[in-house]
Amino acid sequence: MEVPLDCCDDHEQYRRDKVADIQGQDVIAATDALLELALNDPDRAFVEDLLVRVLEQPGAVDVRALAVTCLGHTARIHGAIGHHRVLPLLAGLRNDLDPDVACRVDDALGDIEMFAPPSSGSESG
């Protein structure tokens, strides 16, 4: 369900609620919240930081795997990504112990190369 962020009375509360869902025990709520933020939040830096934090911590495989995919979505939607932070993280995830996470890395890297290549000047952030 897409929720236009400008309709929310309190955008920060909306984000806090979504982050709480992501950190909670309900995997479906977590993946729904993660995807909703990745596809709809206009603040690339916030979304990217959230995705990186999800991937740097142990957690549900479905949530971590979706976070990899959402890094590709972020590059596609915003035309930018923090290459200095994201590319090494993704490279390391190629060897993730969970194949459901590792198998998504090449797709995310492909999206980054297609929509936010390092030569595009999108290295910020």
With the threshold set at 4.0 Å, does a side-chain nitrogen-carboxylate oxygen contact exist between [X] and [Y]?
{"X": "Arg53", "Y": "Asp49", "answer": "yes"}
{"X": "Asp43", "Y": "Arg15", "answer": "yes"}
{"X": "Asp100", "Y": "Arg64", "answer": "no"}

* Steps toward side chain to side chain contact (heavy atoms under 4.5 Å, CB included) verdict (Leu109, Glu113) -> CA-CA 6 Å; Leu109 288 170; Glu113 181 63 31; over 6 Å; no

* Could you tell me whether Gln25 atom CD has more than 12 heavy atoms of other residues or ligands within 6.0 Å of it? =>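 For Gln25, atom CD is not crowded (no more than 12 foreign heavy atoms under 6.0 Å).
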
If I take atom [atom1] from residue [X] and atom [atom2] from residue [Y], how far apart are they, to the nearest 0.5 angstrom?
{"X": "Leu71", "Y": "Leu66", "atom1": "CG", "atom2": "CG", "value": "10.0 Å"}
{"X": "Asp96", "Y": "Arg104", "atom1": "CG", "atom2": "CZ", "value": "12.0 Å"}
{"X": "Leu50", "Y": "Leu37", "atom1": "CG", "atom2": "CG", "value": "6.5 Å"}
{"X": "His78", "Y": "Glu48", "atom1": "NE2", "atom2": "CD", "value": "9.5 Å"}

* Kindly determine whether Val68 and Leu55 satisfy side chain to side chain contact (heavy atoms under 4.5 Å, CB included), including the steps that lead there. => CA-CA 8 Å; Val68 172; Leu55 289 167; 3.7 Å; yes

Indicate the atoms forming the closest heavy-atom contact of [X] with [Y], along with that distance.
{"X": "Asp111", "Y": "Ala75", "value": "O-CB, 4.3 Å"}
{"X": "Val61", "Y": "Val101", "value": "O-CG2, 4.2 Å"}
{"X": "Ala33", "Y": "Ile22", "value": "CB-CG1, 3.8 Å"}

* Asked: Does His83 reach the main-chain N or O of Ala116 with its side chain, forming a donor-acceptor pair under 3.5 Å?
  ->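 Judged by distance alone, yes, a pair lies under 3.5 Å.
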
Could you check whether any side-chain heavy atom of [X] comes within less than 4.5 Å of a side-chain heavy atom of [Y], counting everything from C-beta outward?
{"X": "Leu90", "Y": "Ile112", "result": "yes"}
{"X": "Ile77", "Y": "Arg44", "result": "no"}
{"X": "Thr31", "Y": "Leu34", "result": "no"}
{"X": "Ile81", "Y": "Thr74", "result": "yes"}

* From CA spacing to verdict: side chain to side chain contact (heavy atoms under 4.5 Å, CB included), Arg76, Leu39 -> CA-CA 10 Å; Arg76 177 181 52 80; Leu39 295 179; 4.0 Å; yes

* To do: Please determine which of Leu51, Val52, Val105 meets the side chain to side chain contact (heavy atoms under 4.5 Å, CB included) test together with Leu89.
  =>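 Result for side chain to side chain contact (heavy atoms under 4.5 Å, CB included) with Leu89: Val52.
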
